[in-house]
Amino acid sequence: MNSFLARARLFPVLLSAVLLSGCASALVTQVTSFNQWPADAAGSSFSFIKPPPNRWGAPQELEQATYERYAQLELEKLGLRPAAAGERARLLAELSTVSQTQQRTYLQPVYEDPLVFYPPRRNAAGQYFPGFWAPSRFGPTYVGDRVVPYTVQYSQLNLRLLDTRSGPPGQPRAVFESRVVHEGDAALPAVMPYLVRAALDGFPGQNGQVRQVRFDRETGALIRK
């Protein structure tokens, strides 16, 4: 019975390891989107506006411009166009980010394999066998869990589109909002192209939808289930 329990407790650990190894080439993002997309917004012009300050700090000027360039290319694929010089854009795009290192923990099963004393015995023929110490025939014994700390790089993209025609004059109304989160070991600049693509995947999408968008790390291709 002890051997069976040990194997049963060990199975989820082994299964997790297999699943993680199978997903090692995938970069996973979690996307939450909301929209009230105007029916007549196809082909509209857009321009970027400065995001509001936040407690995590804003990227430097060139870094922010690079991220906005990523978003511009994806918006153009959707049929929207950058506003021409001197043109008042209908849509205002607001891109902000969060990048921080976070401490996490997980529970690791602990097993002990103490030596057991097997007493002396005689077999049916009267042959004598002395006692000895050896590992238990039932295998290692589960004795509890220990807390193991680890560090993750938390990256978040917030992308909003505001329509200058939907709200009162001078008060553009948000018509699309997307929040994309990735947790791993890569810094924000390395994952930002994926975050932008994930934010606009299936645009404008279902209102209030929360889903995972996965990319192949080697090819950069979107992984469709």
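Positions are given from 1, in the same order as the sequence printed here.
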In terms of hydrophobic clustering (I, L, V, M, F, W, Y; side-chain heavy atoms under 4.5 Å; direct or indirect links), are [X] and [Y] co-clustered?
X	Y	value
Leu73	Leu92	no
Ile223	Val196	no
Ile49	Leu159	no
Val143	Phe138	no
Phe34	Val175	no

**OP:** Tell me, please, which residues at least two apart from Asp201 pass salt bridge (Lys or Arg N to Asp or Glu O under 4.0 Å).
**Re:** Arg211, Arg224
Flag if over 12 foreign heavy atoms under 6.0 Å of [atom1], [X]:
X	atom1	answer
Gln103	CD	yes
Asp185	CG	no
Gln206	CD	no
Leu62	CG	no
Glu61	CD	no
Glu218	CD	no

Close side-chain approach of [X] and [Y], heavy atoms under 4.5 Å:
X	Y	result
Val110	Tyr142	no
Glu63	Pro189	yes
Tyr194	His182	no
Val147	Leu107	yes
Ser99	Tyr154	no
Leu91	Asp163	yes
Leu222	Val213	yes

When rounded to the nearest 0.5 angstrom, what distance separates [atom1] in [X] from [atom2] in [Y]?
X	Y	atom1	atom2	value
Leu188	Leu195	CG	CG	6.5 Å
Tyr118	Ser136	OH	OG	5.0 Å
Ser44	Leu161	OG	CG	10.5 Å
Arg179	Arg160	CZ	CZ	12.5 Å
Leu95	Tyr67	CG	OH	9.5 Å
Gln30	Gln212	CD	CD	6.5 Å

Subject >> Check: Asp216 main-chain N/O paired with Ser25 side-chain donor or acceptor under 3.5 Å >> reply: no
**OP:** Please answer whether the main-chain N or O of Arg90 pairs with a side-chain N or O of Ser45 as donor and acceptor at a distance below 3.5 Å.
**Re:** yes
If you take all heavy atoms of [X] and [Y], which pair is closest and at what distance?
X	Y	value
Thr164	Pro172	CA-CB, 4.0 Å
Gly220	Arg197	O-NH1, 2.8 Å
Leu80	Ala41	CD2-O, 3.6 Å
Ala187	Ser155	C-OG, 4.4 Å
Ser178	Val180	OG-CG2, 4.0 Å
Glu68	Phe48	O-CZ, 3.3 Å

**OP:** Might you work through the side-chain hydrogen bond (donor to acceptor under 3.5 Å, both in side chains) test for Tyr70 and Glu74, ending with a clear yes or no?
**Re:** CA-CA 7 Å; Tyr70 295 154; Glu74 294 302 317; over 6 Å; no
Original post:
Within 45° of the six-membered ring axis of Phe129 and under 6.0 Å from that ring's centre, is NZ or CZ of Arg121 located there?
Top reply: yes
**OP:** Could you go through the side-chain contact (heavy atoms from CB on, under 4.5 Å) check for Leu200 and Leu78 one step at a time?
**Re:** CA-CA 9 Å; Leu200 297 171; Leu78 299 175; 4.2 Å; yes
Original post:
Pick from Gln72, Glu87, Glu76: which one makes a side-chain hydrogen bond (donor to acceptor under 3.5 Å, both in side chains) with Arg81?
Top reply: Glu87
Original post:
Given Gln156 and Asn158, is the side-chain hydrogen bond (donor to acceptor under 3.5 Å, both in side chains) satisfied, shown in steps?
Top reply: CA-CA 7 Å; Gln156 177 178 316; Asn158 302 305; 3.0 Å; yes
**OP:** Please find out if less than 6.0 Å separates the ring center of Phe203 from that of Phe176.
**Re:** yes
Original post:
Have Gln102 and Arg104 got a donor and an acceptor in their side chains that come within less than 3.5 Å?
Top reply: yes
Original post:
Run the side-chain contact (heavy atoms from CB on, under 4.5 Å) check on Asp113 and Thr141 step by step: do they pass?
Top reply: CA-CA 6 Å; Asp113 194 10; Thr141 302; over 6 Å; no
Subject >> Pair Lys50 + Glu94: basic N to acidic O under 4.0 Å >> reply: no
